[in-house]
Amino acid sequence: MNQRINPLVWNDGVLRLVDQRYLPHTINYIDSKNLEDAHMAIKDMVVRGAPLIGFSALYGMALWLKGQTSLTSDSITQARKYLESARPTAVNLAYEASRAQKLIEASLSEGMKVADIYDRLVNFANQEMIKLGNDNLEMAKTAAKHLAELYGDRPLRLMTLCNTGFLACGPMGTALGVISHLNQLKRVEKVFAFETRPYLQGSRLTAFELCQENVPHQIVVEGAMSYLMRTQKIDAIFIGADRIVANGDTANKVGSSSLAIVASHYKVPFFVVAPVSSFDTSLESGDQIEVEMRDPKEILCLKEQRIAPNESDAFNPSFDITSAAHIEGIICENGLISPVTKSKLLSVVNL
Ligand code: MRU
């Protein structure tokens, strides 16, 4: 394996992030030193991918604490909400910012000083980062076991969309963690990675991760998904999630829903892999999820070069909602949810 870059490092009160906007050809680092820096890094997609956005929020709350002399419930809530407003769809952001708020308030009520609460929050975030790595491995093992039941141990032909590896989801990744684990077990024949228009997380980031892990792969355009499923003997599809609600409906990168519908047409099993922090059981159905709308320029331009007519506008929903009915299984660190029903989901996730 090649030398890995680490997309998020906490070092002595500074959150150092790889600027993912310039990957794979340029590796730049950006330091966040306060709450505003962390907010900007999430909003502008220096750091992205649901779990890593969540961790940026945990450490972002620590950056905020560093600058405080006294704390009130209102000031903590204000900081949390400010971070949460950076991006709306990935629930991990709100989940981790809320966990930080709870930890700070509990510590306050124990009479702790701000400096000690800061240390406690940083330790908590560091421990949770280690846990995320262990959880990634659990998800990968669950998926490998299930695939062995379906296909034995023969090498598989897989598909994935967007980016769910170590740049987005912790040391191994979620959906891509499954793929790298299978590859280590010599159970991957080939991966088709969708380029993921318009922001190209697939061709820029997933392909970079697959190269680092020496996984045989080809990049494909989303428009080819039906042709590939018709002709390329695809065994399974793995994607991540930005928010999974109580009935199993899942928000993920735009294109996921079309992929699931086409997969169901060709009877290719479609799996979602995500940690418990990506579940939002306070919502009943995917219709209640706020979908982030991004700058039309992402569609109208390639890098800074305008490609569409100057008069044209674009509509740029960054996510879509896959109905539970099209999902074969959802895998989290607690196990496999299949069939995807509300009762099964609630019993496995146990939030
Ligand atoms: O807009 P992004 O790059 O943050 O979107 C990332 C994705 O949609 C991922 O597939 C998702 O967060 C699931 S797991 C990283």
Side-chain angles (χ1 to χ4, degrees), residues 4-20 28-44 46-87 90-138 166-173 275-279 333 351:
R4 270 277 187 86
I5 58 166
N6 192 343
L8 180 157
V9 176
W10 177 263
N11 189 12
D12 207 13
V14 174
L15 180 63
R16 172 159 287 192
L17 298 165
V18 170
D19 190 342
Q20 298 196 27
N28 278 343
Y29 292 88
I30 290 200
D31 286 344
S32 292
K33 296 185 176 154
N34 53 44
L35 181 73
E36 289 71 25
D37 291 348
H39 176 96
M40 183 287 289
I42 297 169
K43 189 175 173 56
D44 291 355
V46 170
V47 61
R48 25 76 41 216
L52 265 264
I53 291 175
F55 274 86
S56 306
L58 258 189
Y59 287 114
M61 288 297 281
L63 292 174
W64 172 75
L65 265 185
K66 206 173 54 166
Q68 305 306 303
T69 45
S70 65
L71 301 169
T72 63
S73 191
D74 279 355
S75 66
I76 305 165
T77 303
Q78 218 179 342
R80 169 180 63 76
K81 287 195 168 162
Y82 176 61
L83 272 177
E84 282 179 15
S85 70
R87 293 190 73 188
V91 71
N92 312 62
L93 174 53
Y95 177 88
E96 300 296 359
S98 296
R99 289 212 295 177
Q101 174 157 17
K102 280 186 197 133
L103 179 149
I104 297 167
E105 287 179 344
S107 309
L108 260 186
S109 62
E110 286 170 34
M112 285 176 71
K113 296 199 181 88
V114 179
D116 296 328
I117 302 176
Y118 166 82
D119 286 341
R120 184 184 263 188
L121 181 57
V122 169
N123 282 335
F124 175 75
N126 292 342
Q127 289 308 314
E128 286 301 300
M129 191 53 111
I130 294 169
K131 178 175 180 304
L132 182 65
N134 297 334
D135 290 346
N136 283 169
L137 184 59
E138 280 312 310
F166 62 84
L167 292 170
C169 302
M172 274 179 78
V276 165
S277 56
S278 300
F279 288 74
E333 61 271 37
L351 263 180

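Every heavy atom of this structure was used, including side-chain atoms; hydrogens, water molecules and symmetry mates were not.
Proximity of a side-chain donor or acceptor of E96 to a complementary backbone N or O of S56 within less than 3.5 Å is not detected. The backbone N or O of A100 sits nowhere less than 3.5 Å from a side-chain atom of R80 that would complete a donor-acceptor pair. With N34 contributing its side chain and D37 its backbone, the two residues share a donor-acceptor pair below 3.5 Å.
Every pair passing side-chain hydrogen bond (donor to acceptor under 3.5 Å, both in side chains) that includes a residue from residues 65-74 is listed here, sequence neighbours excluded: T72-S75, S73-E105. Sequence neighbours left out, the pairs with a member in residues 107-116 that pass side-chain hydrogen bond (donor to acceptor under 3.5 Å, both in side chains) are S107-R120, E110-R120.
Side-chain contact between L83 and L35 is present, with at least one heavy-atom pair separated by less than 4.5 Å. The shortest side-chain heavy-atom distance between S85 and H39 falls under the 4.5 Å cut-off. Side-chain contact between I5 and L167: present, with at least one pair of heavy atoms (C-beta onward) separated by less than 4.5 Å. You'll find the side chain of V9 stays beyond 4.5 Å of the side chain of Y59, heavy atoms only. Residues M61 and L103 form no side-chain contact, since every pair of their non-hydrogen atoms from C-beta on lies 4.5 Å or further apart.
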- request: Go through the steps for D19 and I30 under the test side-chain contact (heavy atoms from CB on, under 4.5 Å), then give the verdict.
  value: CA-CA 6 Å; D19 190 342; I30 290 200; 3.4 Å; yes

message: Run Y29 and V18 through side-chain contact (heavy atoms from CB on, under 4.5 Å) and show every step you take.
response: CA-CA 4 Å; Y29 292 88; V18 170; 3.4 Å; yes

Derivation and outcome, side-chain contact (heavy atoms from CB on, under 4.5 Å), residues Y118 and L121: CA-CA 5 Å; Y118 166 82; L121 181 57; 5.9 Å; no

message: Using the rule given for side-chain contact (heavy atoms from CB on, under 4.5 Å), can you reason through L108 versus I76, listing the C-alpha separation, both sets of side-chain angles and the distance that settles it, and then say yes or no?
response: CA-CA 11 Å; L108 260 186; I76 305 165; 4.1 Å; yes

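In this structure, CG in L17 is found 10.0 Å from CG in N6, a value given to the nearest 0.5 Å. To the nearest 0.5 Å, atoms CD (Q127) and NZ (K131) are separated by 11.5 Å. Here the NZ-CD distance, from K43 to E36, works out to 14.0 Å after rounding to the nearest 0.5 Å. Atom CH2 of W10 and atom CG of L58 lie 10.5 Å apart (nearest 0.5 Å).
The heavy-atom pair separating R4 from P171 by the smallest distance is NH1-O, 3.0 Å. When all heavy atoms of N92 and S278 are compared, the pair lying nearest together is ND2-OG, 3.0 Å. When every heavy atom of T77 is checked against every heavy atom of Q101, the shortest pair comes out as OG1-NE2, 2.9 Å. For the residue pair E84 and S98, the shortest heavy atom distance occurs at OE2-OG, 4.0 Å. For the pair I53 and V47, the tightest heavy-atom approach, listed with the atom from each and the gap, is CG1-O, 4.4 Å. When all heavy atoms are compared, the tightest approach of N136 to G170 is OD1-C, 3.4 Å.
Geometrically, R99 does not engage F124 in a cation-pi contact defined by less than 6.0 Å to the ring centre and at most 45° from the axis.
No more than 12 heavy atoms of other residues, nucleotides or ligands lie within 6.0 Å of CD in Q78, so this atom counts as exposed by the packing criterion.
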